[in-house]
Amino acid sequence: MADPMTQSAQISSSQGLADGQNSVAAKDSKMSDSFLSSSPVSLIQSPQVKDLVHWRDPKKSGVVFGLSLLTLLSLAAFSVISVISYLLLALLCVTISFRIYKSVVQAVQKSNDGHPFKALMEKDVSIPPETFHKHVDVSLTYINRFLKQMSKLFLVEDLIDSLKLAVVMWLLTYVGAVFNGITILILADILLFAVPPFYEKNKTQIDRYMEIARTQVNTTMAKLQEKLPGAVKRTKAE
């Protein structure tokens, strides 16, 4: 029969271990929630971005689309350094011209309004350390997940997933032979602002065809996985 002191020590040890596991689980859950809330997917699904790409406000969407397309077209025609230099030069021309204009107006009217950009100059544009560390931690989580997934794919943990990656890379070699990176970004920018309104108008038909295509792909992949020798079955931890 165990000593009461020994039983008490074992119970305390078990409770401490359980508390530690719960703390780790809570921390992982918190990091996961932070990652999901700051991931590119959540950014695309944000209400502001949805309103832009669905053209809820045509003027705002038109300005954003026009500026983004103009920037990408400029990068396609000129170097990055030239584009950035011209943008900063244009901004300087606007601010200097406005500064001189306001100075002349104040001299003529003999007013003492002060610097025209005084309100903007008094704003704090520094990044708080907490915000910086938060985004660094979220970015590190994203990078670690990406590296972990890449190691699984290249070390062939799941044969089907690795074959999918091989097919995608093979197709991208043909895409790279036809388009460069800037051209792909220009097409992506156009599709980003053109597809959502089109999908919204034809949602029922598109969803039906997408479901048919998804079913066919899943059926084909299931048959391929059964026929491949030594194919590893997927195991998902709950």
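As the structure is a prediction and not an experimental result, all values here were calculated from the model. Heads up: numbering here begins at 1 and tracks the sequence.
Residue pairs satisfying the salt bridge (charged side-chain N to carboxylate O under 4.0 Å, His left out) criterion with at least one member in residues 196-208, sequence neighbours excluded, are listed as follows: R56-E200, K203-D207. The stretch residues 81-98 participates, sequence neighbours left out, in these side-chain hydrogen bond (donor to acceptor under 3.5 Å, both in side chains) pairs: S79-S82. Pairs of residues two or more places apart, or lying in two chains, never qualify as ring-ring contact (aromatic ring centres under 6.0 Å, His included) while including a residue from residues 194-221. Sorted by first and then second residue, the pairs that involve residues 64-73 and meet side-chain hydrogen bond (donor to acceptor under 3.5 Å, both in side chains), not counting sequence neighbours, are S68-D189.
I127 and V136 fall within a single hydrophobic cluster, where Ile, Leu, Val, Met, Phe, Trp and Tyr are joined by side-chain heavy atoms under 4.5 Å apart, directly or via other members. L185 and I84 fall within the same hydrophobic cluster, where Ile, Leu, Val, Met, Phe, Trp and Tyr residues are linked whenever their side-chain heavy atoms come under 4.5 Å apart, directly or through other members. Under a hydrophobic-cluster definition in which Ile, Leu, Val, Met, Phe, Trp and Tyr are linked whenever side-chain heavy atoms come within less than 4.5 Å, directly or via other members, L87 and L72 are assigned to the same cluster. The same ILVMFWY cluster, assembled from side-chain heavy atoms under 4.5 Å apart, contains both M121 and F98. Cluster membership check: L140 does not share its hydrophobic cluster with V138, using side-chain heavy-atom separations under 4.5 Å among Ile, Leu, Val, Met, Phe, Trp and Tyr.
Legend: residues meeting side chain to side chain donor-acceptor pair (under 3.5 Å) with T219, ordered by chain and number and at least two apart, are absent. Taking the side chain to side chain donor-acceptor pair (under 3.5 Å) definition, one finds that E211 meets it with R214, sequence neighbours left out. Looking at residues two or more places apart in sequence or on another chain, you find a side-chain contact (heavy atoms from CB on, under 4.5 Å) between K118 and H115, E122. For F146, the ring-ring contact (aromatic ring centres under 6.0 Å, His included) test picks out no residue, with sequence neighbours left out. Under the rule for a side chain to side chain donor-acceptor pair (under 3.5 Å), the partners of N180 that lie at least two apart in sequence or sit in another chain are T183.
A76 and I182 get closest at one heavy-atom pair: CB-CG2, 3.5 Å. Considering all non-hydrogen atoms of both residues, G62 and W55 come closest at N-CZ3, 3.6 Å.
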Would you give me the side-chain donor-acceptor pairs under 3.5 Å for residues 101-111, sequence neighbours excluded?
unit_1: S103; atom_1: OG; unit_2: R99; atom_2: O; d: 2.9
unit_1: S103; atom_1: OG; unit_2: R99; atom_2: NH1; d: 2.6
unit_1: Q106; atom_1: NE2; unit_2: G114; atom_2: O; d: 2.9

Could you tabulate the donor-acceptor pairs under 3.5 Å formed by side-chain atoms of residues 166-177, not counting sequence neighbours?
unit_1: T173; atom_1: OG1; unit_2: W170; atom_2: O; d: 2.3

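Hydrophobic cluster membership of V94, counting Ile, Leu, Val, Met, Phe, Trp and Tyr whose side-chain heavy atoms lie under 4.5 Å apart directly or via other members: none, as it forms a cluster of its own.
In this structure, F179 and L187 have side chains that are in contact, with non-hydrogen atoms separated by less than 4.5 Å. Residues F193 and V64 meet the side-chain proximity criterion, which asks for heavy atoms closer than 4.5 Å. In this structure, L120 and K123 have side chains that are in contact, with non-hydrogen atoms separated by less than 4.5 Å. Between L52 and K60, the closest side-chain pair of non-hydrogen atoms falls below 4.5 Å.
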Item checked: CA sep, side-chain torsions, deciding dist, call: L88, L92, side-chain contact (heavy atoms from CB on, under 4.5 Å) -> CA-CA 6 Å; L88 295 179; L92 274 174; 5.6 Å; no
Next item on the list: Before giving the answer on side-chain contact (heavy atoms from CB on, under 4.5 Å), spell out for L165 and F154 the whole-Å C-alpha distance, their side-chain angles and the decisive distance to 0.1 Å.
Entry: CA-CA 9 Å; L165 178 63; F154 284 100; 4.0 Å; yes
Notebook entry, point to check: Could you go step by step and tell me if D57 and D51 meet the side-chain contact (heavy atoms from CB on, under 4.5 Å) rule?
Noted result: CA-CA 7 Å; D57 186 349; D51 290 342; over 6 Å; no
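In this structure, OG on S151 lies 8.0 Å from CD on Q149, to the nearest 0.5 angstrom. D158 contributes atom CG, which lies 9.0 Å from atom CG of L163 (distance to the nearest 0.5 angstrom). The line from CG of L75 to CG of L70 is 9.5 Å long, rounded to the nearest 0.5 Å. Atom NZ in K50 sits 11.0 Å away from atom CD in Q48 (nearest 0.5 Å).
Looking only at distances, a side-chain donor or acceptor of S162 sits under 3.5 Å from a matching main-chain atom of L153.
Environment of CZ in F117: crowded, with over 12 heavy atoms of neighbouring residues, nucleotides or ligands closer than 6.0 Å.
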